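Each chain gets a letter, A, B and so on, in the order its sequence line appears, and its residues count up from 1. Being a predicted model, the structure only gives us computed values, none of them experimental.
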Number of protein chains: 2
Amino acid sequence: MRVKKFPESGPKRRLLDAAEVLFAERGFESVSFRDITGSAETNIAALNYHFGSREVLIDLLIVHYANPVNEERLARLEAVERKWAGKATPIEEVCDAWLRPLQGMTRKSKLAEPLFQKLLGRIFALAPASFPPEAQQLQTHASNRFLKALSKALPALSGEELAWRAHFVEGATIHVLLGQNPLSNHASATPTTEAMLGRLIRFSAAGLREGVESEAPAKKGPQAIFDF
Amino acid sequence: MRVKKFPESGPKRRLLDAAEVLFAERGFESVSFRDITGSAETNIAALNYHFGSREVLIDLLIVHYANPVNEERLARLEAVERKWAGKATPIEEVCDAWLRPLQGMTRKSKLAEPLFQKLLGRIFALAPASFPPEAQQLQTHASNRFLKALSKALPALSGEELAWRAHFVEGATIHVLLGQNPLSNHASATPTTEAMLGRLIRFSAAGLREGVESEAPAKKGPQAIFDF
DNA sequence: GTCTATAAAGTGATAGAC
DNA sequence: GTCTATCACTTTATAGAC
């Protein structure tokens with residue numbers, strides 16, 4: 001797998017770091033060319049010299065952060081499916097494979113965790129169509145892959161119903177990443193990401209399972225149908 | 001209740017209508033002053049003459065559309081609570097009261113329904129802090145009101161847990177309003193809003209209820225009776 | 001009320017010196 | 001590679017004629 005190598009220091013590195021922080025904090029649309037070069041303490045020409053344009057820089061960041069997440073998702077799903085070979089996999093474990101990679105272990109960034117999550121939220125809140133092709137393809141592939149896994153685990157649900165429920169999970173996830181967490185009011189300090197993630201996984205699994213009597217036709221060999 | 005009266009025709013009306021469409025389609029940040037006056041076919045000075053600034057116009061739209069939704073939410077919650085006087089209210093009915101007002105019955109706009117929902121999505125995706133005070137106050141009040149209703153219906157959950165779950169519901173809702181619905185791929189045409197709303201309500205209720213044995217002193221029956 | 005003209009600042013991007 | 005200077009354009013907003 002060829003991964004683009006970014007410099008460890010120098011203006012190019014500073015531009016990348018500055019852009020990450022600014023995009024995470026304010027969103028892609030609200031950060032100008034000059035905001036980035038200003039924050040990176042380079043001259044205005046540096047961004048174009050190193051990246052070609054503002055859009056290219058954004059696409060670079062999308063690929064750089066979204067792809068490792070989606071690769072980690074796929075790897076985890078495969079591990080889960082190997083573990084339950086043939087049998088229906090528990091919804092919680094599928095959700096875990098989908099959501100845990102957002103927590104930050106794929107982080108190749110010096111960003112503090114809350115800021116990094118906000119950046120991931122900004123990225124995944126984008127319409128998939130506005131992803132650069134390199135990231136869009138993997139994103140679509142991973143989504144389809146997980147929909148199939150869910151379909152196998154919840155055969156009672158139609159593809160349409162499942163697509164909607166997965167859409168709800170996606171929305172909840174993005175909102176949490178971007179949040180404004182609901183505990184800013186509460187006395188309790190920043191919750192560990194782990195605790196939040198656990199809550200989100202349980203919530204999502206319950207929503208996905210809604211109305212389904214027994215999610216696992218544990219004794220059946222129907223995986224031939226879904227063998228992919 | 002004093003509701004600001006907007007003109008039925010003329011440039012001011014055209015500016016409002018044009019702004020609604022553009023903001024719904026592209027988001028607040030991406031629509032310029034000139035986009036609006038251009039689309040409304042007024043001169044560039046008209047927006048400032050009639051509204052003072054771009055920001056004032058946005059605040060006006062937020063108040064104009066968010067407040068009726070929140071008022072409708074509160075009215076519906078009160079109706080539900082009257083209906084179940086004293087007894088714990090079914091989660092589905094609380095979710096219904098919270099979510100149904102987004103469907104469009106509070107719409108005071110000529111916008112087509114999908115576009116109107118996108119506008120509501122844009123509005124409710126904003127940080128509450130960026131609401132104008134007039135709308136922020138009602139928004140906060142309504143949120144707290146519903147959290148209390150949920151807490152009463154699900155006494156087993158801590159305030160913290162409930163706040164997180166409500167946060168997840170909010171995220172799913174915003175994502176659906178903004179969507180990109182997941183059926184653009186499917187052959188089936190635009191789903192009725194009603195069907196989507198039913199799915200979202202059932203999903204949310206299941207997520208909120210997760211892990212709770214008996215949700216109410218008065219249990220049994222509500223799901224069966226309630227027909228979405 | 002409506003318009004043209006324009007101000008004052010910001011935008012992405014480039015040329016060309018060092 | 002890095003910089004200054006600048007281009008061509010868009011941004012919000014206002015002054016002042018009609």
Fill in: Under 4.0 Å protein heavy-atom contacts per nucleotide of nucleotides 13-18 of chain D, with B for base, S for backbone only and - for none
BB----

Discussion item. Can you list everything that forms a side-chain hydrogen bond (donor to acceptor under 3.5 Å, both in side chains) with A/Gln139? Sequence neighbours excluded, please.
Written reply: A/Asn70

Discussion item. Between B/Asp35 and A/Pro11, which residue's closest nucleotide on DNA chain D lies nearer the 5′ terminus?
Written reply: A/Pro11

Practice prompt. Starting at atom CD of A/Glu41, determine the distance to atom P of D/dT4, rounded to an integer number of angstrom.
Written response: 13 Å

Discussion item. Could you measure the distance from the CD1 atom of A/Ile62 to the CG atom of A/Leu120? Nearest 0.5 Å is fine.
Written reply: 11.5 Å

Practice prompt. Before accepting this row, confirm whether a basic side-chain N of the pair B/Arg100/B/Glu194 lies closer than 4.0 Å to the acidic partner's carboxylate O.
Written response: yes

Worksheet entry | CD1-CZ distance between A/Ile36 and A/Arg14, expressed to the nearest 0.5 angstrom | 14.0 Å

Discussion item. Please enumerate all residues that pass ring-ring contact (aromatic ring centres under 6.0 Å, His included) together with A/Phe146, with sequence neighbours excluded.
Written reply: A/Trp98

Item to complete: Take atom CD of B/Glu29 and atom C1' of C/dG10, then tell me their distance rounded to the nearest Å.
Response: 16 Å

Item to complete: Please say whether the positively charged group of A/Lys12, taken as NZ for Lys or CZ for Arg, lies over the ring of A/Phe51, i.e. under 6.0 angstrom from the six-membered ring centre and within 45 degrees of the axis.
Response: yes

Item to complete: Nearest whole angstrom, please: distance from the P of D/dT10 to the CD1 of B/Ile36.
Response: 17 Å

